[in-house]
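Each ligand, and each atom within it, is numbered from 1 in the order the structure gives.
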Amino acid sequence: MKKKLIAGNWKMNGSLAANDLLVRALVAGLPDPSGCDVAVAVPAPYLAQVQALVAGSPLALAAQDVSQHESGAYTGEISAAMLREFGVRYALVGHSERRQYHGETDVHVAVKTQRALAAGLTPIVCVGETLAEREAGHTEAAVRRQLASVIHLNGHCISEVVVAYEPVWAIGTGKTASPEQAQQVHAVLRAQLAAASPRPESIRLLYGGSMNAANAAQLLAQPDIDGGLVGGASLKAEDFQQIIAAAQ
Ligand code: 13P
């Protein structure tokens, strides 16, 4: 039976003091045994701090991005191998904020996904339509195009990847996709995955976009929603714990 995955994306938030409090509370409050996997994607400077805090616990460490390059003269970049050295298990790839503010294209996303897999990281590939795309009736085409860029991987199988559906209009806006809207897109993604994987049902499809303690249970009850990628609500231990509880 596939375990759900609840991943917190802290984005550019945190401090040594705040991280210490938050991660200690999460580690202490994790159900044991946990019926779901849990990870936190922290800003890169805090990887070592959080690695030490989660040591020996089931809380997994994630990065928010990974370089498309292996190593070398790429100022400011962080390689997949470096992330591995800090015990990182998952790396977000192609988050809409990277696509929107840092010019990441489907091609970058595909290369980063390969880099992550080659280094033994599990990429969490983010896809999602903008409000304009949804209003124009292009939701399905937008997410299918984004997923298509990673569906055929050299030497790896798409089943090694986690996919996160994050409608851009739902991110940080308090406007969550309804469980039916989210399920509809997840079913489209699942069908697309079926073309590339013999076991498409084994691939975890997360929903992200204003997931919170109040709406998590309904979203997670949908047949094709296998977890959550949580922004704002992952910064508050109690809220994140309630989402984890909803995934048990
Ligand atoms: P919010 O939960 O703050 O809407 O952010 C979602 C997200 O972008 C997670 O990656």
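Under 3.5 Å, the side chains of H95 and Q64 contain no donor-acceptor pair of N or O atoms.
Partners of R99 according to the side chain to side chain donor-acceptor pair (under 3.5 Å) rule, which considers only residues two or more places apart in sequence or in another chain, are D106. Residues satisfying the ring pair (Phe, Tyr, Trp, His ring centres under 6.0 Å) criterion with H186, sequence neighbours excluded, are Y165.
Tested against V127 for a side chain to side chain contact (heavy atoms under 4.5 Å, CB included), the candidates L189, V185, V150 yield a single pass: L189.
Looking at D37 and K4, no side-chain N of the basic residue comes within less than 4.0 Å of a carboxylate O on the acidic one, giving no salt bridge.
A salt bridge (Lys or Arg N to Asp or Glu O under 4.0 Å) check over residues 23-32, counting only residues at least two apart or in different chains, returns the pairs D20-R24.
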Name each N or O atom in ligand 1 that is under 3.5 Å from a protein N or O, and give the partner atom and the distance.
residue, atom, partner, partner atom, Å
ligand 1, 2 (O), S210, N, 3.4
ligand 1, 2 (O), G231, N, 2.9
ligand 1, 3 (O), G232, N, 2.9
ligand 1, 4 (O), G172, N, 2.6
ligand 1, 4 (O), S210, N, 2.8
ligand 1, 5 (O), K11, NZ, 3.2
ligand 1, 8 (O), K11, NZ, 2.8
ligand 1, 8 (O), H95, NE2, 2.8
ligand 1, 8 (O), E166, OE1, 3.4
ligand 1, 10 (O), N9, ND2, 3.0
ligand 1, 10 (O), H95, NE2, 2.9
ligand 1, 10 (O), E166, OE1, 3.2
ligand 1, 10 (O), E166, OE2, 2.9

